[in-house]
Amino acid sequence: MLSIQYIRENTERVKRDVALRNTTAPIDRILRLDEERRELLQQVEQLRNKRNAASKVIGQSKDPAEREPRILEMRLVGDEIDRLDGRLKTVETELNGKLLEVPNILDPNAPKGPDEHSNVVVDVVGEKRHFGFHPRPHWELAEILDGIDFERGVKMAGSRFYVLKGGIARLQRALIQFYLNEHTRDGFTECYLPDMLSEASLVAAGQLPKFRDNLYRDAEQDYYFIPTAEVAFVNLYRDEILPAGMLPQRFVAHTPCFRREKMSAGRDVRGIKRGHQFEKVEMFVYCEPEQSQAELDTLVRRARSLPEKLGIPYRVLELCTGDIGFNATKTYDIEMWAPGQDEWLEVSSASNCLDFQARRANIRFRGEGGTRYPHLLNASGLALPRSVIAVMENYQREDGSVEVPEVLRPYMGMDVIEPARR
RNA sequence: GGAGAGGUGGCAGAGUGGUUUAAUGCAGCCGUCUUGAAAACGGCCGUGGCGAAAGUCACCGGGAGUUCGAAUCUCCCCCUCUCCGCCA
């Protein structure tokens with residue numbers, strides 16, 4: 001969240017950024033509540049001070065004639081404190097609730113625009129392969145390879161669920177291994193994380209209260225299924241003050257992700273591009289504020305190195321103000337080319353969230369200039385089922401077999417995923 | 001799931017209604033002494049809110065209550081540990 005001080009002192013900037021995001025936030029209401037809160041706070045504290053002093057005198061005196069009148073007086077002061085404090089609590093509760101609805105400020109250099117159509121392509125890398133035949137979408141390849149069982153996935157769980165089999169299941173595992181090894185080799189610490197987190201953790205990471213509709217949760221207990229490992233990483237150091245010299249901290253994890261999405265009937269219905277459950281390898285960085293821009297650049301560079309090593313064409317997008325997520329100030333997307341579907345697939349989103357999540361999660365560090373909020377960044381590296389799609393569609397051969405990219409062969413133990421024998 | 005014991009500052013550990021603005025020790029920082037270091041001695045040594053400042057208020061796992069006054073008493077919840085049961 002933004003600090004109330006920041007909103008108070010930079011009201012115009014905050015309002016402008018909310019508008020640029022093409023959303024709304026109760027800024028004026030927040031400012032009024034803040035004013036009321038400070039007024040009540042001063043009154044309550046003045047009365048408390050009075051009571052504390054009187055209570056001390058009462059405690060030191062043994063003489064009932066001196067004690068009784070003071071006790072009676074303080075009883076009244078106590079009632080007044082209760083009354084004002086009750087109002088204060090009400091005001092604070094509403095204020096804090098409203099503050100959680102305000103999105104992060106935007107990087108001033110972010111391209112302006114109302115929605116994803118205004119995102120800017122900043123780089124396109126790699127030659128789209130020329131096929132001597134009409135390239136198939138991955139679901140057709142999957143049929144030839146007997147690699148994805150859509151019908152039984154639906155039978156077991158419902159629409160948008162599937163089963164990966166044989167070489168394709170192995171391909172996904174190989175990609176996970178490859179990605180994790182790339183990151184751990186360069187010093188990222190691998191983590192195995194909880195896939196279910198408490199409500200407090202979802203609030204801290206910025207998923208709640210605004211995005212409740214997108215989350216799965218346990219019906220009886222306080223467990224939410226993570227929509228991304230980012231949520232877990234934000235909470236790793238929740239309510240902590242990190243010792244001096246500990247930053248930066250760079251992590252990576254492979255987790256499943258669960259997202260409750262309103263699936264529109266005609267869109268992305270085929271294949272494994274979009275589901276309620278998918279795998280992802282996620283990078284996450286805690287750093288000092290001065291370093292976050294450089295860390296974001298590094299994360300983007302890392303993410304784009306992966307399609308490069310896989311030999312798959314990709315492009316880099318800089319998200320416009322209307323498409324940048326609630327928590328982020330600046331975001332780059334990486335999209336892999338999928339020739340069978342004839343579209344670009346988003347496989348990574350790299351965001352700098354500044355101190356927005358650190359503040360929500362109450363994470364600080366000791367550094368020069370005292371105790372401060374670190375900056376938090378996240379980047380996929382990369383999303384799995386879409387990587388699987390990209391490999392299948394880019395490396396397909398006319399008979400429907402799929403060549404295994406060079407870098408994955410040690411993990412696959414094979415050079416080609418062959419068609420199933422009928 | 002059952003029974004029991006606990007949760008106090010970076011760590012250890014006092015404190016069961018009022019001179020506690022949480023004792024004391026360790027660790028840490030500054031200084032004195034010293035050629036230097038150690039030791040000794042002195043000082044500092046949690047987080048946040050409000051306030052121009054002086055200052056003040058809050059925080060002893062979380063919440064509610066009793067009281068003029070709560071770390072301390074009552075209730076609810078969370079978590080940790082030990083034993084038992086179950087389980088991968």
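Convention: sequence-line order gives letters A, B, ...; per-chain numbering from 1.
Taking the six-membered ring where tryptophan is involved, the planes of F188(A) and H183(A) are tilted, since the angle between them lies from 30° to 60°.
Here the separation of A23(B) from U16(B), taken at their P atoms, is 15 Å to the nearest Å. Across the P atoms, G62(B) and G9(B) are found 10 Å apart, a figure rounded to whole Å.
Across residues 234-241 of chain A, I241(A) each have a non-hydrogen atom less than 4.0 Å from an atom of RNA chain B (numbered order).
Residues passing the side-chain hydrogen bond (donor to acceptor under 3.5 Å, both in side chains) test with N104(A): none are found, sequence neighbours excluded. Under the side-chain hydrogen bond (donor to acceptor under 3.5 Å, both in side chains) criterion, E199(A) pairs with R212(A), Y224(A), not counting sequence neighbours. The side-chain hydrogen bond (donor to acceptor under 3.5 Å, both in side chains) search around D115(A) returns none, not counting sequence neighbours. Residues meeting the side-chain contact (heavy atoms from CB on, under 4.5 Å) test with N362(A), sequence neighbours left out: D239(A), R364(A). Scored by the side-chain contact (heavy atoms from CB on, under 4.5 Å) test, P194(A) finds L197(A) as partners (sequence neighbours excluded).
In this structure, E92(A) atom CD and C59(B) atom P are separated by 13 Å, rounded to whole Å. M74(A) places its CE atom 11 Å from the C1' atom of G69(B), with the value rounded to the nearest Å. One atom, CD of E68(A), and another, P of G69(B), lie 14 Å apart when rounded to the nearest Å. One interatomic measurement links the two molecules: CD1 of I58(A) to P of U19(B), which rounds to 13 Å at whole-angstrom precision. Whole-Å rounding puts the F365(A) CZ to U47(B) C1' distance at 16 Å. Rounded to an integer number of Å, the gap from CG of L76(A) to P of U67(B) is 14 Å.
For residues 279-309 of chain A, the set of pairs meeting the ring-ring contact (aromatic ring centres under 6.0 Å, His included) definition, not counting sequence neighbours, comprises F233(A)-F284(A), Y237(A)-Y286(A), F284(A)-Y286(A).
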- Task: Scan nucleotides 50-57 of chain B nucleotide by nucleotide, 5' to 3', and note B when protein non-hydrogen atoms come under 4.0 Å of the base, S if they reach only the sugar-phosphate, - if neither.
- Result: SS----SB
Could you run down the sub-3.5 Å N/O contacts of the protein with nucleotides 62-65 of chain B?
none

Under-3.5 Å N/O pairs linking protein and nucleotides 74-81 of chain B:
none

Please list each protein N or O that sits under 3.5 Å from an N or O in nucleotides 85-88 of chain B, with the distance.
none

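Listed pair R366(A) / U47(B) meets the phosphate criterion, a side-chain N or O lying under 4.0 Å from OP1 or OP2. Between G69(B) and R51(A), a contact under 4.0 Å exists linking OP1 or OP2 to a side-chain N or O.
Side-chain contact between M336(A) and R386(A) is absent, with no heavy atoms from C-beta onward closer than 4.5 Å. Between L76(A) and L72(A) there is no side-chain heavy-atom pair separated by less than 4.5 Å.
Taking a pair as Watson-Crick or G-U with both hydrogen-bonding distances under 3.5 Å, the stems of three or more pairs touching RNA chain B are B:1-7 with B:78-84, B:10-12 with B:24-26, B:28-32 with B:40-44, B:46-50 with B:55-59, B:61-65 with B:73-77.
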